[in-house]
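Every chain is numbered from 1, with letters handed out A, B, ... down the list of sequences. It should be emphasised that the depicted structure is a prediction, and the values quoted were computed from it without experimental measurement.
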Amino acid sequence: MEADNKKGHFIESIIIKDIENNKNKGRVITRFPPEPNGYLHLGHAKSICLNFNMAHKFNGTCNLRFDDSNPAKEKQIYIDSIKSTVNWLGFEFGTPLFASDYFEKLHEFAVELIKKDKAYVCSLSPEDIRKYRGTLTEPGKDSPYRERTVEENLDLFTRMKSGEFGEGEHTLRAKIDMASPNINLRDPIIYRVKNASHPRTGDQWCIYPMYDFTHCLSDALEGITHSLCSLEFEDHRPLYDWTLDELETPCHPQQIEFARLNINYTVLSKRKLQRLVEENHVQGWDDPRLPTLEGMKRRGYTPESIRNFCDIIGVSKKESRIDMTILENCLRDDLNEKAPRVMGVLKPLKVTIENYPHDLTEELAAKNHPQKEEKGTRTITFSKEIYVEKDDFMENPPKKFFRLGPGREVRLRYAYLITCKEVIKDESGNVTELICTYDPETRGGNAPDGRKVKGTIHWVNANDCIDAKVRLYDRLFKDENPEQDKQDFIENLNPDSLKELEFCKLEKSLINAAPENAYQFERLGYFCMDSKNQGSKDATKELPVFNRTVTLRDAWAKIAKNP
RNA sequence: UGGGGCGUCGUCAAGUGGCAAGACACAGGGUUUUGAUCCCUGCAUUCAGAGGUUCGAAUCCUCUCGCCCCAGCCA
């Protein structure tokens with residue numbers, strides 16, 4: 001089922017062609033180059049999978065390289081988070097690499113460029129640089145410092161490096177063409193002064209290379225063959241190539257751009273995610289509603305499901321918005337295979353079986369997976385008092401409702417057929433309890449007389465179930481495209497994206513649940529224990545909290561909507 | 001009105017001159033002690049539009065239209 005027998009995307013075609021032509025001696029080396037200035041999200045997962053999969057598929061390697069050339073924004077915690085997230089996703093990268101490891105070499109390259117008179121120290125202020133750059137439709141003007149001598153440039157650059165100047169006083173610029181229709185070629189800045197402390201090099205440097213200079217050279221230094229990046233760098237490719245052409249580098253990697261991932265009802269940009277976190281619209285970077293990989297992990301997404309998703313959505317240059325349901329189905333597919341079945345009642349409704357003995361507790365066998373005998377069975381208990389789901393009872397059920405109602409018979413999964421005899425309500429008319437009878441002949445759920453019972457509902461034994469909280473998540477935004485009509489996406493937040501249920505009753509076996517274990521609560525969906533909740537075998541602690549990862553497909557929900 | 005890209009089913013996406021894959025969604029039907037899973041069936045005479053080349057075009061040519069990106073000492 002995995003990528004192998006599938007037809008490839010355009011990048012794969014390019015790689016195959018390159019291998020056929022013995023380009024790079026048939027080698028394939030890719031890299032995933034995150035800037036450690038935030039947490040990874042699903043969009044990164046697409047890039048991670050692409051880069052690692054291409055490398056693996058063609059017996060190559062993929063480097064994890066931190067693009068850490070801007071100390072003002074980068075932090076060690078992000079480096080740690082990114083490393084563990086890439087591992088969690090299922091990829092091995094050996095020792096991580098850092099652009100900052102190349103600072104010395106990058107500096108030498110810059111000097112080489114100066115010596116070739118292909119770079120100069122510019123002393124224009126930031127505002128003047130902007131003015132001289134021109135606009136989209138007008139060419140720029142040469143900087144008055146453009147014709148400084150090599151010696152002067154060398155001297156100034158040395159002094160920049162030694163900390164003689166403040167931020168913004170001087171920059172090192174590539175000498176290309178101020179009239180280029182491509183703004184990236186209008187003498188781009190390649191080094192600037194920054195007095196920030198770098199998470200890895202500390203205060204060793206006060207000048208830092210810019211992305212365009214750093215990235216292509218880092219790629220070349222690592223022997224990258226295919227440098228895959230997103231569409232917005234397409235305009236930078238001429239600069240990528242210019243730099244590598246001007247300098248003596250070990251190789252000249254090929255930059256190939258692809259469209260970044262978009263998914264409806266959510267946002268996938270670091271900036272927007274950051275805003276959601278900082279303005280407390282969600283509860284942190286690992287909020288299970290967020291498409292951050294840490295949030296998805298906490299929600300219960302499996303790495304396999306994410307990898308499979310990245311696999312089936314394809315790679316192209318077309319900007320697209322992928323349907324959330326595709327992601328959810330990848331998850332369901334995986335969880336359906338793996339998750340053991342259990343029973344849990346989210347909104348409990350007490351049921352008393354009036355003809356069941358007071359003091360009896362029976363043990364019943366329940367399958368852990370209906371299609372996989374090898375997953376075995378577990379024992380569940382049954383007694384006179386049980387809980388069923390409030391939603392499984394209707395006082396005036398519509399035609400197609402197969403569940404409980406006055407006088408109706410349903411099957412309790414793995415237990416007995418019961419019939420609703422009486423509905424007890426409180427003074428305000430809310431149903432508080434059902435009095436039912438059971439048919440002792442139907443132990444296990446089958447009627448000896450062969451009568452058909454259409455509805456099967458889940459339940460837990462009131463005597464030994466455990467109390468828990470359950471968090472139900474819904475889409476984060478109301479609108480398919482949160483940025484619709486360029487209104488502030490915050491206004492599109494779904495106020496009901498999180499619902500916490502506090503009085504849930506779960507079958508006893510869940511006492512052993514751990515955050516990394518997925519369960520299917522039959523008929524409800526897939527759930528996992530929240531990783532920030534340590535659970536409680538001892539009653540003095542807080543209640544265990546479970547996250548609903550995703551619902552089951554629900555045909556009834558559709559019928560109920562359009563009867 | 002500068003430059004760079006992109007337009008194939010509701011959503012993704014194959015297709016590279018020989019007669020529109022697949023997935024999700026959707027609609028029917030079957031199995032089922034989860035209204036789950038699973039299994040069938042249906043679902044683009046048409047590829048942004050218009051011309052042209054060709055026996056033959058989503059694929060080649062021309063023009064038009066639409067959408068995205070670029071004016072950080074961010075990546």
> Just to be sure I understand the rule, does A:Lys194 reach a base, reach only the sugar-phosphate, or reach nothing, if contact means heavy atoms closer than 4.0 Å?
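A:Lys194: backbone/sugar contact only, no base atoms under 4.0 Å.
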> Is A:Arg341 close enough and on-axis enough to A:Tyr519, meaning under 6.0 Å and within 45°, for cation-pi?
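Because its charged atom misses either the 6.0 Å distance or the 45° angle limit, A:Arg341 does not stack over A:Tyr519.
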> Taking NZ from A:Lys73 and P from B:rC74, how many angstroms apart are they, rounded to a whole number?
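Nearest whole value for this atom pair: 7 Å.
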> Reckon A:Arg237 touches a base, only the sugar-phosphate, or nothing at all at heavy-atom distances under 4.0 Å?
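It contacts nothing in the nucleic acid.
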> Considering every strand and a 4.0 Å limit on heavy-atom distances, what is the contact class for A:Ser180: base, sugar-phosphate, or nothing?
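Nothing: the residue A:Ser180, judged by heavy atoms under 4.0 Å, touches no strand.
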> Can you tell me if A:Arg523 touches the phosphate of B:rU32, counting only side-chain N or O atoms and a distance under 4.0 Å to OP1 or OP2?
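Answer is no, no contact under 4.0 Å.
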> If you look at every strand shown and take non-hydrogen atoms under 4.0 Å, does A:Ser125 touch a base, only sugar-phosphate, or nothing?
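The residue A:Ser125 makes base contact.
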> Is the closest basic N to carboxylate O distance between A:Glu35 and A:Lys270 below 4.0 Å?
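Salt bridge flag = no for A:Lys270 with A:Glu35.
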> Give A:Tyr414 one of three labels, base, sugar-phosphate or nothing, depending on what nucleic acid heavy atoms sit under 4.0 Å from its own.
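Base contact.
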> Between B:rA13 and B:rC55, how far is it from one P atom to the other, in whole Å?
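The answer is 35 Å between these two P atoms.
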> Expressed in angstrom and rounded to an integer, what is the separation of A:Phe309 atom CZ from B:rU11 atom C1'?
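Rounded to whole Å, this separation is 11 Å.
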> What about the rings of A:Tyr240 and A:His236, do their centers lie closer together than 6.0 Å?
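A:Tyr240 vs A:His236: aromatic centres not under 6.0 Å.
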> What distance, rounded to whole Å, do you find between the two C1' atoms, one in B:rU31 and one in B:rC39?
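The answer is 8 Å between these two C1' atoms.
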> At under 4.0 Å between heavy atoms, what does A:Pro370 touch on the DNA or RNA strands: base, sugar-phosphate, or nothing?
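Counting heavy atoms under 4.0 Å across all strands, the contact made by A:Pro370 includes a base.
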> To the closest 0.5 Å, what do you measure between CZ (A:Arg413) and CZ (A:Arg523)?
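Here the rounded value is 9.5 Å.
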> Measure from CD on A:Gln371 to P on B:rU31 and round the result to the nearest Å.
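For the pair A:Gln371 CD and B:rU31 P, the rounded distance is 16 Å.
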> Work out how far the C1' atom of B:rU8 is from that of B:rA44, and round it to whole angstrom.
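Result for the C1' pair: 9 Å, nearest Å.
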> Describe the nucleic acid contact of A:Asn37 in one word from base, sugar-phosphate, nothing, applying a heavy-atom distance below 4.0 Å.
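Touches nothing.
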> Any carboxylate oxygen within less than 4.0 angstrom of a Lys/Arg side-chain nitrogen, looking at A:Arg321 and A:Glu480?
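No, this pair does not count.
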> By the 4.0 Å heavy-atom rule, please label A:Tyr416 as base, sugar-phosphate, or nothing.
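Result for A:Tyr416 = nothing.
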> Considering only atom P, compute the distance from B:rG49 to B:rG7 and round it to an integer number of Å.
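Taking atom P in both B:rG49 and B:rG7, they lie 14 Å apart.
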> Heavy atoms under 4.0 Å, any strand shown: does A:Arg332 hit a base, just sugar-phosphate, or nothing?
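Counting heavy atoms under 4.0 Å across all strands, no contact is made by A:Arg332.
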> Does a nitrogen or oxygen in the side chain of A:Arg192 sit under 4.0 Å from OP1 or OP2 of B:rC74?
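Yes, such a contact exists.
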> Select base, sugar-phosphate, or nothing to describe what A:Val315 touches, counting heavy atoms under 4.0 Å on all strands.
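The answer is sugar-phosphate, as A:Val315 gets under 4.0 Å only of primed atoms, P, OP1 or OP2.
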> By nearest nucleotide on RNA chain B, pick out whichever of A:Arg443 and A:Lys318 is the more 5' one.
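Closest to the 5' end, via its nearest nucleotide, is A:Lys318.
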> Kindly compute the distance separating CZ (A:Arg192) from CG (A:Asn70), expressed to the nearest 0.5 Å.
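So the gap between those two atoms works out to 5.0 Å.
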> Determine if the base of B:rG72 is syn or anti; take syn to mean the glycosidic torsion is within 90° of 0.
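For B:rG72, whose glycosidic angle is within 90° of 0, the conformation is syn.
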> Without decimals, in angstroms, what is the distance between A:Phe213 CZ and B:rG72 C1'?
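Rounded to whole Å, this separation is 19 Å.
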> What is the base-pairing partner of B:rC67, counting Watson-Crick and G-U wobble geometry with both distances under 3.5 Å?
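Result: B:rG5.
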> For A:Leu412, report the nucleic acid contact type (base, sugar-phosphate, nothing); a contact means any heavy atom under 4.0 Å.
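Touches nothing.
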> Round to the nearest Å and state the distance from A:Ile11 atom CD1 to B:rU16 atom P.
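A:Ile11 atom CD1 is separated from B:rU16 atom P by 19 Å.
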> To the nearest Å, give me how far apart NZ (A:Lys141) and C1' (B:rA71) are.
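Taking NZ of A:Lys141 and C1' of B:rA71, I get 15 Å after rounding.
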> What integer distance in Å separates A:Tyr211:OH from B:rC70:C1'?
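In whole Å, B:rC70 C1' and A:Tyr211 OH are 14 Å from each other.
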> Once you round it to whole Å, what is the distance between C1' of B:rC24 and CD of A:Glu480?
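Rounded to whole Å, this separation is 14 Å.
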> From B:rG3, B:rG4, B:rG35, pick the nucleotide closest to the side chain of A:Glu234?
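Within the option list, the nearest is B:rG4.
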> Given the C1' atoms of B:rA57 and B:rG18, what is the spacing between them in whole Å?
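After rounding to an integer number of Å, I get 10 Å for this pair.
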> Step by step, work out the side chain to side chain contact (heavy atoms under 4.5 Å, CB included) result for A:Glu483 and A:Val267.
CA-CA 9 Å; A:Glu483 296 110 301; A:Val267 289; 4.3 Å; yes
> If I pick the C1' atom on B:rU45 and the same atom on B:rA20, what distance separates them, to the nearest angstrom?
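Nearest-Å result for B:rA20 against B:rU45 at atom C1': 10 Å.
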> Assign A:Leu552 to base, sugar-phosphate, or nothing according to its heavy-atom contacts below 4.0 angstrom with the strands shown.
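Base contact - A:Leu552 has a heavy atom under 4.0 Å of at least one base atom.
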> Quick one: sort the A:Phe382 and A:Tyr416 rings into parallel, tilted or perpendicular, breaks at 30° and 60°.
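A:Phe382 vs A:Tyr416 ring planes: tilted.
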> Counting heavy atoms from C-beta on, name the nucleotide in B:rG35, B:rC73, B:rU34 closest to the side chain of A:Asp554.
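When the side chain of A:Asp554 is considered, B:rG35 is the closest of B:rG35, B:rC73, B:rU34.
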> In terms of heavy-atom contacts, does CZ of A:Arg275 have more than 12 from other residues, nucleotides or ligands at under 6.0 Å?
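For A:Arg275, atom CZ is crowded (more than 12 foreign heavy atoms under 6.0 Å).
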> Give none if B:rC24 has no partner; otherwise give the nucleotide forming a Watson-Crick or G-U wobble pair with it, both distances under 3.5 Å.
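Pair assignment: B:rC24 / B:rG10.
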> If I pick the P atom on B:rC12 and the same atom on B:rC68, what distance separates them, to the nearest angstrom?
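Going atom to atom, P in each nucleotide, I get 14 Å.
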> Heavy atoms from C-beta onward define the side chain here; which of B:rA14, B:rC73, B:rC24 lies closest to that of A:His9?
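From the listed options, B:rA14 comes nearest.
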> OP1 or OP2 of B:rG72 sitting under 4.0 Å from any side-chain N/O of A:Arg133?
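Affirmative; the distance criterion is met.
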> What's the gap between B:rC43 and B:rA75 when it is taken at their C1' atoms, as a whole Å value?
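Nearest-Å result for B:rC43 against B:rA75 at atom C1': 44 Å.
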> Output the single nucleotide from B:rA75, B:rG72, B:rG35 whose closest atom is nearest the side chain of A:Ile559.
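Looking only at heavy atoms from C-beta outward on A:Ile559, the closest nucleotide is B:rG35.
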> Look through every strand shown and name the nucleotide pairing with B:rC74 as Watson-Crick or G-U wobble, where both distances are under 3.5 Å.
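Across all strands, not a single nucleotide pairs with B:rC74.
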> Classify A:His236 by what it touches in the nucleic acid, base, sugar-phosphate, or nothing, heavy-atom distance under 4.0 Å.
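If one applies the 4.0 Å heavy-atom cut-off, A:His236 turns out to touch a base.
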> Between A:Lys317 and A:Asn182, which is nearer to the 5' end of RNA chain B once each is assigned its nearest nucleotide?
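Looking at the nearest nucleotide for each, A:Asn182 comes out on the 5' side.
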> Classify A:Thr325 by what it touches in the nucleic acid, base, sugar-phosphate, or nothing, heavy-atom distance under 4.0 Å.
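Answer is sugar-phosphate: A:Thr325 comes under 4.0 Å of backbone atoms only.
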> Report the base-pairing partner of B:rC38 (Watson-Crick or G-U wobble, both distances below 3.5 angstrom), or none.
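The base-pairing partner of B:rC38, which may sit in any strand shown, is B:rG30.
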